[in-house]
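These notes are about the structure you will find just below.
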Number of protein chains: 2
Amino acid sequence: MPYYIGGLVDDVSSLVARTPEQFRDQGIEVHTRHNVESIDVERRDVTVRNLDTGDVRREPFDQLVIATGAEAVRPDLPNIDTDGIYEMSWMHDMEAVERDLANHDVKRAVVVGGGYIGIEMAEAFHLRGISTTLIHSGETLMANLDENMGELINAALIDAGIKLVTGQRASGFETGAGRVRGVVTDDASYPADIVVLGIGTQPRSRLAQEAGIPTGVSGGIIVDERMRTPIDGIWAAGDCTEMLHLVSGEAVSIALGTIANKQGRVCGINLGGGEATFPGVLGTAITKFLDTEIARTGLCERELRRLDMDYVAGRIESSTKSGYYPGSSKMTVKLTAERESGRIVGGQIVGGPGSGKRIDTIVTALASGMTLLELEYLDLSYAPPFSPVWDPVQIAARITNQQR
Amino acid sequence: MPYYIGGLVDDVSSLVARTPEQFRDQGIEVHTRHNVESIDVERRDVTVRNLDTGDVRREPFDQLVIATGAEAVRPDLPNIDTDGIYEMSWMHDMEAVERDLANHDVKRAVVVGGGYIGIEMAEAFHLRGISTTLIHSGETLMANLDENMGELINAALIDAGIKLVTGQRASGFETGAGRVRGVVTDDASYPADIVVLGIGTQPRSRLAQEAGIPTGVSGGIIVDERMRTPIDGIWAAGDCTEMLHLVSGEAVSIALGTIANKQGRVCGINLGGGEATFPGVLGTAITKFLDTEIARTGLCERELRRLDMDYVAGRIESSTKSGYYPGSSKMTVKLTAERESGRIVGGQIVGGPGSGKRIDTIVTALASGMTLLELEYLDLSYAPPFSPVWDPVQIAARITNQQR
């Protein structure tokens with residue numbers, strides 16, 4: 001959605017993976033504008049309201065899949081329901097923002113929250129030529145990166161002319177003529193013609209919870225690796241579930257399309273009589289702000305301290321290509337590893353074009369239990385248009401290993 | 001060197017990793033324009049000729065490192081020593097080509113050989129606006145990729161207007177006025193104002209061989225994983241050595257900077273009293289032709305057949321980014337795996353910008369003994385500017401697994 005608002009994607013329909021008609025062509029009945037109001041686990045049916053007619057009926061099931069996704073966290077702040085304040089949860093949020101930009105004289109945007117959505121929406125408004133302020137509660141952007149990586153993202157936004165406000169939280173909104181006019185924090189007030197909130201998500205699991213389907217510490221629906229809830233014949237997949245973090249061993253809920261898509265596939269295969277398992281997650285994520293790519297996987301220092309693990313961390317600056325090759329740009333890599341074994345437990349990357357996807361090398365090394373030394377001498381690809389002679393990931397492995 | 005000739009790199013000095021002066025500043029004596037003519041393993045000295053004065057002297061050693069590199073294969077063809085025929089082995093080859101382009105009316109270039117050097121030099125001449133013919137003995141370019149991947153590279157060159165001649169070998173050269181005028185094959189003759197040969201390399205190991213230092217089946221100097229030759233106090237590193245291919249288990253000699261650099265480091269650490277080991281190679285390589293990126297690792301079908309391994313192979317076409325994101329381009333991935341275990345044994349990629357470096361994910365999976373199924377469900381990074389929801393490498397893993 002941010003890429004549509006930013007003008008990078010023209011065609012709304014290209015954002016729809018599959019239409020109701022395409023489902024119907026495959027013999028799958030789809031009911032849009034229908035809301036499931038409750039699930040009766042004993043009677044094996046769901047109660048559905050047709051949002052257009054108001055009719056309520058029961059729909060029986062043999063097998064039920066809950067795929068209710070995640071919902072944006074929406075704090076109970078003064079004036080939060082004023083026009084001009086949006087989240088980026090649904091296509092209609094995106095369309096509403098687009099309509100606002102077309103119909104109102106939007107000169108100043110304020111984005112609240114410095115995670116993926118916040119950074120991507122700041123980029124979108126910036127690309128539309130709108131003066132943009134981003135308010136973030138932490139000191140550095142992207143709370144799932146360490147401070148000495150997040151500060152590079154801060155710099156990228158500031159360099160582009162985004163007004164970055166850190167260490168402040170939105171505490172309310174100023175209004176006028178029925179629309180938002182500003183975002184208020186404990187310290188100041190920031191004028192705004194439009195506001196986007198990107199302060200986090202949570203599993204949309206209340207429907208399941210009310211039906212007695214167990215949810216876990218993360219708030220997500222509990223499923224096994226075949227996507228079965230503890231209740232026979234009831235399945236769940238995607239952002240509404242709780243999943244295993246393979247490095248920390250903790251139960252987490254991470255709302256990302258690639259995880260949801262894999263879980264959906266696993267669920268479908270099992271429902272169809274096949275056998276598939278979802279192994280869990282590593283906490284991998286990637287995004288960008290203009291030319292600055294941002295990626296992470298596993299556990300960062302912040303998380304390792306919380307888990308009281310004995311770790312080492314190393315951070316290096318290198319370049320995306322051989323220094324003399326045109327278009328080479330700066331790339332910073334940070335690795336974390338168990339001190340004793342040298343096993344990699346996390347990676348973070350911030351850098352120019354070509355940096356971000358290198359996280360996948362770290363993901364694969366981490367998933368397979370590789371040590372820093374093994375990564376250092378791995379036969380990774382090199383040619384001047386692609387990398388320095390030692391890939392930055394390998395230089396990071398060496399420097400991190402020296403901390404042990 | 002091709003990037004310099006192609007005009008992508010302006011400054012020759014940026015291609016020099018370290019000058020003799022920089023070595024001297026570190027207390028390392030460097031003798032350029034000196035040729036070692038023989039090594040006396042018993043007497044522990046080398047015989048050196050000063051190429052400027054002609055003086056010959058003996059230089060004693062306690063420890064000796066042989067790092068003589070690789071040399072271009074130079075077939076004994078009629079008129080091969082004519083002016084205007086070059087290999088890309090040394091900086092002075094590059095400077096000679098550059099001088100030719102400045103001083104002669106070079107309208108037509110012929111490149112002989114469709115490996116890395118051939119493709120990169122075809123790109124370089126093309127970028128200089130020179131009509132370019134590439135003559136390759138096989139039917140598809142890059143002999144270390146399978147035919148159904150190599151044909152994509154053929155298409156990229158043809159699309160750019162390179163005249164591609166496959167299934168022919170140079171058998172001689174036409175000359176006139178003291179310069180090359182054409183390349184002759186068994187089938188035809190191709191006019192040329194300049195010719196570059198890129199038909200392979202071999203370890204430059206004759207000096208070692210003559211001294212009784214053992215070389216292996218590949219022609220490279222035999223070293224252990226600490227870079228020691230079988231003769232006490234004599235070491236070797238880089239393109240002149242023979243190395244272990246970790247997938248085939250064969251002894252090979254691969255002339256690539258990243259391998260040479262790693263071996264040099266291992267050798268230096270061990271010489272200095274530390275301990276380091278070079279684990280071997282996977283046959284990883286990467287290059288590009290204009291916007292088409294080309295990468296490979298492990299064993300392709302061609303090699304698997306030769307080794308008589310029971311394997312599966314799968315090839316998919318996907319895109320570098322989400323289809324709707326600007327700049328997304330086509331990307332073809334091929335994987336090979338052991339049929340019985342599903343363990344990955346090789347990967348090949350041909351595609352648009354952002355394709356090539358994804359080989360590192362396959363490299364890391366292969367090195368750690370991952371199966372296709374494990375790769376399919378790995379928590380790789382996804383966001384629309386970087387990848388489809390399933391990374392192309394994972395789609396390839398799924399499709400290849402279905403062949404088992």
Side-chain angles (χ1 to χ4, degrees), chain A residues 3 8-9 11 14-15 17 116 120 246 256-259 261-262 266 276-288 293 295 297 323-326 354 356-365 367-370 374-387 389-391 393, chain B residues 3 8-9 11 14-15 17 116 120 246 256-259 261-262 266 276-288 293 295 297 323-326 354 356-365 367-370 374-387 389-391 393:
Chain A
Y3 306 120
L8 296 166
V9 177
D11 181 8
S14 70
L15 301 179
Y116 307 102
E120 291 167 7
L246 292 166
L256 286 175
T258 185
I259 297 171
N261 208 301
K262 290 192 181 79
V266 167
T277 57
F278 180 76
V281 299
L282 299 169
T284 310
I286 191 167
T287 188
K288 71 184 231 2
E293 302 185 353
T297 191
Y324 55 79
Y325 195 86
K357 256 294 186 180
R358 275 164 154 114
I359 201 72
D360 287 354
T361 306
I362 304 173
V363 169
T364 312
S368 66
M370 237 178 226
E374 286 167 336
L375 178 55
E376 180 182 350
Y377 282 100
L378 208 52
D379 191 9
L380 297 182
S381 59
Y382 157 69
F386 298 97
S387 179
V389 177
W390 294 77
D391 192 276
V393 164
Chain B
Y3 306 118
L8 296 165
V9 177
D11 181 7
S14 70
L15 301 179
Y116 306 102
E120 291 167 7
L246 292 166
L256 286 174
T258 184
I259 297 171
N261 208 302
K262 290 190 181 79
V266 167
T277 58
F278 180 76
V281 300
L282 299 169
T284 309
I286 191 168
T287 188
K288 73 184 227 6
E293 302 184 353
T297 192
Y324 55 79
Y325 195 86
K357 255 295 187 179
R358 274 161 155 118
I359 201 73
D360 288 353
T361 306
I362 304 174
V363 168
T364 312
S368 65
M370 237 178 226
E374 286 168 336
L375 177 56
E376 180 182 349
Y377 282 100
L378 208 53
D379 192 8
L380 298 183
S381 59
Y382 158 69
F386 297 97
S387 179
V389 176
W390 294 76
D391 192 276
V393 164

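Quick note on labels: first sequence line is chain A, next is B, and so on, each numbered from 1.
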Non-hydrogen atoms of chain B under 4.5 Å away: do they reach the side chain of A:A365, the backbone, both or neither?
both
Most heavy-atom pairs under 4.5 Å with chain B, out of A:L380, A:T277, A:T297, A:T287, belong to A:L380
May I ask you to decide if A:V363's main-chain N or O and B:D379's side chain share a donor-acceptor pair within less than 3.5 Å?
no
A:Y3 portion near chain B, given a 4.5 angstrom heavy-atom threshold:
side chain
With a 4.5 Å limit on heavy-atom distance, are the side chains of B:W390 and A:N261 in contact?
yes
Do you know which of A:E120, A:M370, A:E374 has the most heavy-atom pairs under 4.5 Å to chain B?
A:M370
Does any backbone or side-chain atom of A:L256 lie under 4.5 Å from a heavy atom of chain B? Answer side chain, backbone, both or neither.
neither
Part of A:T361 within contact of chain B (heavy atom distance under 4.5 Å):
both
Begin from the C-alpha positions of A:V393 and A:I362 and carry the test side-chain contact (heavy atoms from CB on, under 4.5 Å) through to its verdict.
CA-CA 7 Å; A:V393 164; A:I362 304 173; 3.8 Å; yes
Side chains of B:Y324 and B:P326, heavy atoms from C-beta outward: is any pair under 4.5 Å?
no
Evaluation steps, side-chain contact (heavy atoms from CB on, under 4.5 Å), between B:L375 and B:L378:
CA-CA 5 Å; B:L375 177 56; B:L378 208 53; 4.0 Å; yes
Let me know which of B:D360, B:T258, B:T284 forms a side chain to side chain donor-acceptor pair (under 3.5 Å) with A:S381.
B:D360
Checking heavy atoms, do the side chain of A:I259, its backbone, both or neither come under 4.5 Å from chain B?
side chain
With only heavy atoms counted, which part of A:E376 is less than 4.5 Å from chain B, the side chain, the backbone, both or neither?
both
